[in-house]
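The figures that follow rest on heavy atoms only: side chains count, while hydrogens, waters and symmetry mates do not.
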Amino acid sequence: YFGWISGAFMTESMAEVIWKKNFPDTLEYCTLTYTDEINGKVEEQSVRVLKGTKVNILRNLFSVPENTDFLGWQDASSQTYKAGQEITVNSDMVLTATFGMSWNSLRRLFSLARGEITINLNADVTAGPDSSEILVYEGVTVHLNMNGHTIDGSSGTSLSPHAVFVVYGTLDIVVPG
């Protein structure tokens, strides 16, 4: 027996008939897939959601490559979504994890530098509202290879427009071209 209805036991088949009569199977579902590819290995996790449902984008689900940060998720049209951002899912979506050098990861590389090092940018880096200057310590030489990328400390930050870097050692910026 499955349950109780109108003073009598109800079988599972009776419950199915009542359910289908009152709730027709017209619900549409979409699949939201989170994916990542690092070193040729693809990982993914999918969730099935009711079409038109609002969902919050998940935090990173995968391993973060060395010297990078998780920057967000990109869809097929290259629109980027941040963790916690609310979206409405109206069709199947694939969101791909994006990693790159963030302001904080660049600051971290500079702060860990000892002696002489080379840092190769792998993405444009933009300061956020709470970003602080990048320090080159005394006795440290940093060769910063821009690789065609930019470092932008001007947009909506607390940084002085003239102080993206504070240099007590040596900073060699290499701009190809």
Glu28 meets the salt bridge (charged side-chain N to carboxylate O under 4.0 Å, His left out) criterion, sequence neighbours left out, with Lys51
Quick check: closest heavy atoms across Ala113 and Ile117, and the distance to 0.1 Å?
CB-CD1, 3.4 Å
Closest heavy-atom contact between Glu43 and Phe62?
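Shortest heavy-atom separation between Glu43 and Phe62 comes out as CB-CE2, 3.5 Å.
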Heavy-atom count check: over 12 atoms from other residues, nucleotides or ligands less than 6.0 Å from Glu138 CD?
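Count not over threshold, so no.
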Kindly indicate whether the side chain of [X], heavy atoms from C-beta on, has any atom under 4.5 Å from the side chain of [Y].
{"X": "Thr31", "Y": "Tyr29", "value": "no"}
{"X": "Tyr81", "Y": "Ile87", "value": "yes"}
{"X": "Asp75", "Y": "Thr80", "value": "no"}
{"X": "Leu95", "Y": "Leu32", "value": "yes"}
{"X": "Asn145", "Y": "Ile173", "value": "no"}
{"X": "Tyr34", "Y": "Thr96", "value": "no"}

Please round to the nearest 0.5 Å and tell me the distance separating atom [atom1] of [X] and atom [atom2] of [Y].
{"X": "Leu71", "Y": "Met101", "atom1": "CG", "atom2": "CE", "result": "10.5 Å"}
{"X": "Phe99", "Y": "Asn60", "atom1": "CZ", "atom2": "CG", "result": "4.5 Å"}
{"X": "Leu171", "Y": "Leu144", "atom1": "CG", "atom2": "CG", "result": "6.0 Å"}
{"X": "Ser63", "Y": "Phe70", "atom1": "OG", "atom2": "CZ", "result": "12.5 Å"}
{"X": "Asn56", "Y": "Lys82", "atom1": "CG", "atom2": "NZ", "result": "15.5 Å"}

Verify same cluster id: Val136, Tyr168 (apolar side-chain graph, 4.5 Å)
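Per the 4.5 Å side-chain linkage, Val136 and Tyr168 are co-clustered.
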Does Ile134 belong to the same Ile/Leu/Val/Met/Phe/Trp/Tyr cluster as Val174, with side-chain heavy atoms less than 4.5 Å apart forming each link?
no
Please lay out, stage by stage, how Asp152 and Thr150 fare under the test side-chain hydrogen bond (donor to acceptor under 3.5 Å, both in side chains).
CA-CA 6 Å; Asp152 179 4; Thr150 61; over 6 Å; no
I'd like to know whether Met146 forms a side chain to side chain contact (heavy atoms under 4.5 Å, CB included) with Ile151, so could you lay out the CA-CA distance, the side-chain angles of the two residues, the decisive distance to 0.1 Å, and finally the verdict.
CA-CA 8 Å; Met146 299 298 288; Ile151 296 175; 3.9 Å; yes
Ignoring hydrogens and geometry beyond distance, is a side-chain donor-acceptor pair present between Ser105 and Asp69 at under 3.5 Å?
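Their side chains do contain a donor-acceptor pair, which is all the 3.5 Å distance test asks for.
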Would you tell me whether Asn104 and Ser102 have side-chain atoms, one donor and one acceptor, within less than 3.5 Å of each other?
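Distance-only check fails for Asn104 and Ser102.
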Backbone N or O of [Y] within a donor-acceptor pair of the [X] side chain at under 3.5 Å?
{"X": "Asp92", "Y": "Cys30", "answer": "no"}
{"X": "Arg107", "Y": "Glu133", "answer": "yes"}
{"X": "Thr88", "Y": "Gly52", "answer": "no"}
{"X": "Asn147", "Y": "His149", "answer": "no"}
{"X": "Thr35", "Y": "Val94", "answer": "no"}
{"X": "Trp103", "Y": "Ser132", "answer": "yes"}

Here's a test for you: under side-chain contact (heavy atoms from CB on, under 4.5 Å), which of Thr118, Ile119, Leu109 qualifies with Val142?
Ile119
Enumerate the residue pairs fulfilling ring-ring contact (aromatic ring centres under 6.0 Å, His included) with a member in residues 108-131, sequence neighbours excluded, ordered by first and then second residue.
Phe110-Phe165
Mind checking side-chain hydrogen bond (donor to acceptor under 3.5 Å, both in side chains) for Asp172 and listing every partner two or more places apart, or none if nothing turns up?
His143
